[in-house]
Amino acid sequence: MNKYLSISQEVQEALKLGKPVVALESTIISHGMPYPQNVETALRVEQTIRENGAVPATIAIIGGKLKAGCTKEEIEYLGKKGQHVTKASRRDLPVLIAKKADGATTVTTTMIIAAMAGIRVFATGGIGGVHRGATSTMDISADLEELAQTQVMVICAGAKSILDLGLTLEYLETKGVPVIGYQTEELPAFYTRHSGFSVDYRVDTPQELADIFNTKIQLGLKGGMLVTNPIPEEYSMPAEVINKAIDDAISEAERLGIHGKKVTPFLLAKVKELTGGDSLQSNIQLVLNNARLAAQTAKAMINKPE
Ligand code: PSU
Ligand code: MN
């Protein structure tokens, strides 16, 4: 095991016994939601994973250590520090480790650390992707490159239309990443169940998800798999409301000249501000929904095809 990796006792034991483990990211805690709802949600997500028969491993960088399995205190610390914690992507890892600093892991770094620890399933809210206007800004999330090279299944609620969803799918196709709709043929758009774009395949059970990913691993194909799980109907938002907020947030970001790693957190915070508490409630519910599916899928992964 590499000397920078620190796996909690509980997660280590589960992995040793071949029990199901689900990885969780920490940027969603520090940058994705306000305090204290971020901490409450992170703990509820862990609880949901346990109720569904798996062990949660919240991932973060603390004092230069790559943590797979954060304590309640560490989650509380990251949630309180919020945007003051470094949002850590692949390029930040060596710097933060060498400086013995803290970092909140994005989808990218959560995948990297999960893979190092031997965790194959990861639940989150939404992933990064190709931004609108990327043809001139070249703003494409490192999450897509990570999905292309690291063998972790990412279960999300699709992507927010702060992104260009069509270009995001094209990019994933080029990079050889399977995009699977869970009980849907349509790519969900995070707050809403519909985007107008089709996914590659529809799958209806956790066992099918597990079989596809186990097969990918057995074939030795590098890269992950993206599972898009629509927000439950009762928590989805009216498309006009959310799309108006997203358009306004993007205009504001352009006006202020926001760029680089600040773009996504800025847009997320602005959309939340413009839609009040409604979008936060939807956000919490879709993450819980993904945690349930991830736990069931991690359990199913243990039944490997011959
Ligand atoms: N999209 C969301 N919620 C999030 C993020 C994206 O709907 O919390 C976070 C995730 O951690 C994701 C990161 O990996 O933002 C992507 O940032 P960027 O676009 O800068 O790559
Ligand atoms: Mn970016």
Side-chain angles (χ1 to χ4, degrees), residues 23-34 37-38 41-42 45 58-61 78-79 82-83 85-93 103-114 122-148 150 152 154-165 167-168 171-172 187-192 195 224 226 228-231 237 242 245-246 249-250 253-254 257-272 275 279-280 282-287 289-291:
L24 299 163
E25 64 156 303
S26 44
T27 292
I28 194 175
I29 305 174
S30 60
H31 291 66
M33 288 182 195
Q37 287 93 339
N38 55 0
T41 304
V45 168
T58 297
I59 290 182
I61 303 156
L78 293 167
Q83 308 257 350
V85 186
T86 303
K87 174 183 159 193
S89 192
R90 177 175 268 271
R91 57 126 183 235
D92 304 290
L93 276 186
T105 54
T106 62
V107 168
T108 297
T109 38
T110 305
M111 288 178 76
I112 295 173
I113 298 167
F122 162 22
T124 188
I127 60 154
V130 180
H131 279 261
R132 295 197 204 168
T135 44
S136 61
T137 63
M138 291 183 70
D139 189 352
I140 299 173
S141 175
D143 292 353
L144 301 184
E145 289 295 328
E146 209 55 52
L147 280 161
T150 301
V152 172
V154 180
I155 300 185
C156 69
K160 291 197 178 87
S161 45
I162 57 172
L163 303 174
D164 186 319
L165 299 182
L167 290 186
T168 300
Y171 202 93
L172 289 166
L187 177 75
F190 198 87
Y191 294 119
T192 62
S195 67
L226 188 65
T228 62
N229 184 27
I231 183 170
M237 293 190 66
I242 197 69
I246 286 171
I250 290 175
E254 277 167 7
I258 309 279
H259 60 90
K261 71 197 281 189
K262 295 208 171 91
V263 172
T264 299
F266 176 87
L267 294 175
L268 298 180
K270 200 77 205 165
V271 167
K272 227 164 291 154
T275 52
S279 65
L280 182 58
S282 299
N283 202 343
I284 293 169
Q285 291 300 332
L286 66 82
V287 178
N289 191 45
N290 295 339

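Numbering of ligands and ligand atoms starts at 1, following listing order.
In terms of the side-chain contact (heavy atoms from CB on, under 4.5 Å) criterion, residue partners of Thr228 (sequence neighbours excluded) are, by chain and number, Cys156, Val179, Leu187, Pro188, Val199, Leu226. Considering only residues two or more places apart in sequence or on other chains, Ser89 meets the side-chain contact (heavy atoms from CB on, under 4.5 Å) condition with Asp92, Thr106, Thr108, Ala142.
At distances below 3.5 Å, not a single donor-acceptor pair connects side-chain atoms of Ser30 with backbone N or O atoms of Val85.
Side chains of Thr150 and Glu146: a donor on one and an acceptor on the other come within 3.5 Å.
The closest side-chain heavy-atom distance from Ile59 to Phe122 is not below 4.5 Å. No side-chain heavy atom of His259 sits less than 4.5 Å from a side-chain heavy atom of Thr137.
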Tabulated below should be the N or O atoms of ligand 1 paired with protein N or O atoms at under 3.5 Å; can you produce that?
| from | atom 1 | to | atom 2 | distance (Å) |
| --- | --- | --- | --- | --- |
| ligand 1 | 7 (O) | Lys160 | NZ | 2.3 |
| ligand 1 | 11 (O) | Glu25 | OE1 | 2.6 |
| ligand 1 | 14 (O) | Val107 | N | 2.8 |
| ligand 1 | 14 (O) | Asp143 | OD1 | 3.3 |
| ligand 1 | 14 (O) | Asp143 | OD2 | 2.7 |
| ligand 1 | 17 (O) | Lys87 | NZ | 3.2 |
| ligand 1 | 19 (O) | Thr264 | OG1 | 2.6 |
| ligand 1 | 20 (O) | Lys87 | NZ | 2.7 |
| ligand 1 | 21 (O) | Ser141 | OG | 2.6 |

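Counting only protein N, O or S atoms, the number found under 2.8 Å from the Mn ion (ligand 2) is 1.
The minimum heavy-atom distance linking Thr110 with Ala23 is given by the pair CG2-CB, 4.4 Å. Between Pro265 and Lys87, the closest heavy-atom pair is CD-NZ, 3.6 Å.
Here the CG atom belonging to Leu163 is positioned 11.5 Å from the OG atom belonging to Ser195, to the nearest 0.5 angstrom.
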